[in-house]
Amino acid sequence: MIETDMSKLTKEFSDIQAELLPKVKLENTFKKDEIKLIAGVDLAYWEEHGKTFGTCCIIVIDYHSKEVIENVYSYGEITVPYIAGFLAFRELPLIMKAVEKLTVEPDLYMFDGNGYLHYRHMGIATHASFFLHKPTIGVAKSYLRIKEVDFQMPENQAGAYTNIVIDSEIYGRALRTTKNVKPIFVSCGNWIDLDTSTEMVMSCVNKESRLPIPVRLADLETHRVRKQLAHK
DNA sequence: GCGACAG
DNA sequence: ATCTTGTCGC
């Protein structure tokens, strides 16, 4: 029974992903020098009374000064299970709830998770773009293996990368943002190309973390908010 | 049945 | 994602 529920769900979800796919454009729909605000999105979870709750934090920084411009969050019960390949369906509700609280309009969103680097090219960064109506980039900390294709380890030098090619198509890139640290996995979300995505990610990295600042700060913030909300 | 499996 | 201390290294 739980078995059939799950296959119904994945069928329904993959149909939605297939509908969105033709609308993806891996080209810049903006001018790079017009980028001012970059948002980072992340979530944290906890259990309470046998239910799963989550909080979504969005940090907006100024691309040039790296100063934090805005910091908002949302929280609530999480009802959709985690299924690899369908992360957006689980996290999008709280993400949009947090987006509604923004008073500024980010020019670009970075996500903790993949975009085009996905079984059906519909990772959370790509999926979310259709609700945000803004360019998005996927930034994952671990590799999602597709069609048994492994990634090639980039050189141990900041900025080094290798493309992840599957069936002659570039899905994304393993990017070494910092020397002596594991690479991260960058892919286009939507309305941006891979070179620009890589450039944006590299411009947001500092010595403190291998992740771009907006995503890193959002991650830290979710932990702080969880402490404030959980067990109450 | 077994292994894989973003967050 | 989350449960968790110390510990090796720059």
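The chains referred to below are lettered A, B, ... by the order of the sequence lines, with proteins before strands, and numbering in each begins at 1. These numbers come from the heavy atoms of this one structure, side chains and all, not from hydrogens, waters or symmetry mates.
- Taking atom C1' on both B/dC5 and C/dT2, the two are 16 Å apart, rounded to the nearest angstrom.
- Note: CD1 (A/Ile124) to P (C/dA1) measures 12 Å, nearest angstrom.
- The distance from atom CD of A/Glu91 to atom C1' of B/dA6 is 9 Å, rounded to the nearest whole Å.
- Other residues, nucleotides and ligands contribute only 12 or fewer heavy atoms inside 6.0 Å of the NZ atom of A/Lys182.
- Contact check, A/Lys141 against C/dA1: a side-chain N or O comes under 4.0 Å of OP1 or OP2.
- In terms of phosphate contacts, A/Tyr143 brings no side-chain nitrogen or oxygen within less than 4.0 Å of OP1 or OP2 of B/dA6.
- The nearest whole Å value for the distance from the CE atom in A/Met110 to the C1' atom in B/dA6 is 17 Å.
- Ion pair A/Arg216/A/Asp219 flagged as a salt bridge, since at least one NZ, NE, NH1 or NH2 atom sits closer than 4.0 Å to an Asp/Glu carboxylate oxygen.
- Considering only the side chain of A/Asn114, B/dA6 comes nearest among C/dT2, B/dA6, B/dC5.
- Taking the charged nitrogens against the carboxylate oxygens, A/Lys36 and A/Asp62 have no contact shorter than 4.0 Å, which rules out a salt bridge.
- One interatomic measurement links the two molecules: CD1 of A/Ile166 to C1' of B/dA6, which rounds to 13 Å at whole-angstrom precision.
- Rounded to whole Å, atom P of B/dA6 lies 6 Å from atom CG of A/Leu144.
- At C/dT2, one or more side-chain N or O atoms of A/Arg226 fall inside 4.0 Å of OP1 or OP2 (strictly under the cut-off).
- Under the 4.0 Å criterion applied to side-chain N and carboxylate O atoms, A/Glu221 and A/Arg224 are assigned as salt-bridge partners.
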